[in-house]
Amino acid sequence: ILDDGTVEILSYIGHRRFITIPEKIEDRIVSSIGDFAFAGETNLREVGLPSGLRHIGLSAFEGCSNLVSMYIPENVTEIESRAFAECVRLSTIAFTGQSKLLTMGNRAFEGCGKLRTIELPASLQEIEGLAFVGTSALTTIRVQSENQYFKSEDGVLFDVSGETLVAYPAAHGTTYAIPDGTKTVGAYAFCGAKVIFLDFGNIERIESFAFAGSSVLTVHIPDSVTTMKEGAFQMSAVRELTIGAGLTEIAAGAFAACGSLSVVHISDGIEIIGDRAFSTCLSLSSVYIPSGVSKIESRAFFESGLVNVTFDEYGCLQSIGNAAFARCPLSEVHIPASVIELGSATANIEDPKQCTDVVMGVFERTPLTEITFAENSQLQMIGNKAFAYSSITSIDLPQGLEYLGMCAFWYTPLEAITLPASLKMLGEGAFGYTTSLSAIKVADGNATYHDVDGVVYNCDNTAIYAYPADRSGDYEILDTVC
């Protein structure tokens with residue numbers, strides 16, 4: 001019993017195919033169907049709802065896989081998230097009478113693969129494209145003409161002004177031109193849509209996951225677009241991408257898991273390539289990073305198909321984040337002079353023996369055999385695990401490097417290395433399991449470290465900081481070591 005004296009249905013334990021929920025129970029109006037009340041009831045085919053019903057709760061009918069139709073009484077004001085999700089045979093949703101529905105929850109009809117059309121009532125005030133994710137057969141979304149918040153244009157849902165495209169039915173068509181006057185493509189608007197050829201018009205904003213899982217093949221983001229949010233084209237079928245001059249950032253996960261993406265043109269206006277922006281794009285074999293990019297965030301190209309990455313030699317790139325190119329089939333990389341940080345030391349490795357348990361390094365687990373730095377390199381930090389499990393045998397660290405992170409060359413075939421005079425911090429386990437490393441030299445003039453016959457000590461000889469694993473013969477530790 002609810003605070004207002006009405007009844008909420010909490011669960012159902014019957015096995016009938018056709019049921020009718022009574023108008024009253026013990027002379028109290030049934031006003032609500034509670035969260036998960038009928039979830040997973042696979043026997044149900046039809047459920048008659050009482051006229052006094054006002055609320056349909058979270059996942060109330062989720063997974064009722066044989067439910068074929070649902071008529072929503074006019075007094076219902078709220079349908080919560082996933083209310084009818086995975087009702088895979090549901091083909092009819094109708095709002096009866098003078099519906100008072102105000103809010104339709106996210107994923108309300110997710111996975112309703114038989115639903116072809118729906119008409120939204122005049123009263124509706126809140127709905128997003130996420131409500132229809134997975135409605136793979138949906139061709140048309142209609143809106144009653146009296147609605148003051150939304151409208152339908154040719155079966156596509158817009159806000160009443162026409163400036164925001166809210167939801168494109170997944171099976172509406174394979175070709176579509178976004179109308180003039182539309183400024184925003186809403187979150188999840190084209191998610192899973194079967195549209196292949198798309199004219200973006202003059203839109204200005206692309207919201208989160210707007211085209212995720214869609215079938216669009218060629219994406220040319222117009223110069224008018226100034227904002228693109230997380231996951232905008234994630235897991236879509238895009239093969240060729242051109243990013244217009246209006247954007248300054250490629251958002252997190254924007255093109256993640258686009259397995260067919262093979263051609264990417266990044267405009268000079270891009271300043272940041274976000275976290276996971278192109279991760280697991282397995283067909284992407286080559287990319288050019290233009291001069292305007294100043295930061296490549298963590299995992300930006302993680303596990304992509306990159307065999308070649310070219311940085312503009314005169315660009316302003318300063319930072320490349322952890323795992324940005326980890327697990328890519330890269331064999332060689334040239335780092336431009338502007339780069340200050342390769343990865344970071346934010347991952348806390350309390351015990352170097354546990355290097356496998358922390359965030360991956362910039363080029364970790366790549367077949368990288370050659371990495372070079374521009375002659376006037378500004379590099380100051382090589383972060384934790386930067387080259388761990390790579391195939392590097394030699395490297396010339398640039399003068400100016402101050403920090404070499406923990407486990408930086410963990411399990412590499414590195415044979416020799418010289419630490420620059422500028423180095424101030426050598427992370428623990430930096431050369432762990434480098435079983436081919438016979439000597440570690442320190443350049444003259446280093447104020448923190450020096451080497452004695454290829455073994456790294458601090459300057460007062462009170463501690464050993466690195467011992468080469470492949471150093472042959474007996475070794476006697478200096479008496480000054482504490």
Legend entry - Pairing of E341 and K295 as salt bridge, 4.0 angstrom limit: no

Legend entry - Greater than 12 external heavy atoms within 6.0 Å of D396's CG: no

Inset, instruction - Report the C-alpha separation of R205 and E163 in whole Å, then their side-chain angles, then the decisive distance to 0.1 Å, and conclude whether the salt bridge (Lys or Arg N to Asp or Glu O under 4.0 Å) test is met. - result: CA-CA 10 Å; R205 293 179 61 89; E163 293 187 355; over 6 Å; no

Legend entry - Donor-acceptor contact present, side-chain S152 to main-chain I141, <3.5 Å: yes

Legend entry - Whether Y168 side chain and G173 backbone form a donor-acceptor pair below 3.5 Å: yes

Inset, instruction - Output the distance between atom OG1 (T418) and atom CD1 (I395), rounded to the nearest 0.5 Å. - result: 11.5 Å

Inset, instruction - Say whether, by atom type as modelled, one donor and one acceptor occur between the side chain of D275 and the main chain of E297 under 3.5 angstrom. - result: no

Inset, instruction - Give a yes or no on whether M235 atom CE has more than 12 heavy-atom contacts from other residues, nucleotides or ligands under 6.0 Å away. - result: no

Inset, instruction - Any chance you could measure L101, atom CG, to T103, atom OG1, to the nearest 0.5 Å? - result: 7.0 Å

Legend entry - Neighbour count >12 (heavy atoms, 6.0 Å) for atom CG, D223: yes

Inset, instruction - Looking only at non-hydrogen atoms, find the nearest pair between D159 and K151 and report the distance. - result: O-CG, 3.6 Å

Legend entry - Derivation and outcome, side chain to side chain contact (heavy atoms under 4.5 Å, CB included), residues N147 and V160: CA-CA 8 Å; N147 192 294; V160 73; 5.9 Å; no

Inset, instruction - Looking only at non-hydrogen atoms, find the nearest pair between I273 and I266 and report the distance. - result: CD1-CD1, 4.1 Å

Inset, instruction - Please confirm whether the backbone N or O of S81 pairs with a side-chain atom of N106, one donor and one acceptor, at under 3.5 Å? - result: no

Legend entry - Residue among F38, F61, F132 satisfying ring-ring contact (aromatic ring centres under 6.0 Å, His included) with F84: F61

Legend entry - Smallest separation among heavy atoms of E313 and A374, with atom names: OE2-CB, 3.6 Å

Legend entry - Straight-line distance of S208 OG to I206 CD1, nearest 0.5 Å: 11.0 Å

Inset, instruction - Flag yes if more than 12 heavy atoms outside F150 fall under 6.0 Å of its CZ atom; otherwise flag no. - result: yes

Inset, instruction - Taking all heavy atoms of D199 and all of G201, pick out the closest pair and write down the distance. - result: OD1-N, 2.9 Å

Inset, instruction - Mark yes or no for whether T242, through its side chain, and H220, through its backbone, hold a donor-acceptor pair below 3.5 Å. - result: no

Legend entry - Backbone N/O of A193 and side chain of S214: donor-acceptor pair under 3.5 Å: no

Legend entry - Flag, side chain of S319 to backbone of S294, donor-acceptor distance under 3.5 Å: no

Inset, instruction - With rounding to the nearest 0.5 Å, note down the distance linking CZ in R82 to OG in S59. - result: 5.5 Å

Legend entry - Side chain S422, main chain G400, donor-acceptor under 3.5 Å: yes

Legend entry - Any donor-acceptor pair under 3.5 Å from E80 side chain to G57 backbone: no

Inset, instruction - Of all the heavy-atom pairs spanning N322 and N384, show the shortest one and how long it is. - result: OD1-O, 4.4 Å

Inset, instruction - Rounded to the nearest 0.5 Å, what's the gap from CZ on R116 to OG1 on T140? Could you check? - result: 10.5 Å

Legend entry - Reference residue V456; test side chain to side chain contact (heavy atoms under 4.5 Å, CB included); the match among N446, L419, I464: L419

Inset, instruction - Anything under 30° is parallel, anything over 60° is perpendicular, the rest tilted; go ahead and classify F211 against F233. - result: parallel

Inset, instruction - Please check if the side chain of S123 supplies one atom and the backbone of L102 the other of a donor-acceptor pair under 3.5 Å. - result: no

Legend entry - Distance in Å, E249 CD paired with I243 CD1, rounded so as to fall on 0.5 Å steps: 11.5 Å

Legend entry - Residue Y149 excluded, over 12 heavy atoms near OH under 6.0 Å: no

Inset, instruction - Apply the test side chain to side chain contact (heavy atoms under 4.5 Å, CB included) to residues F255 and I250: give CA-CA distance (whole Å), side-chain angles for both, the deciding distance (0.1 Å), then the verdict. - result: CA-CA 9 Å; F255 300 94; I250 301 175; 4.1 Å; yes

Inset, instruction - For residues G113 and A137, report the shortest heavy-atom separation together with the two atoms involved. - result: O-CB, 3.2 Å

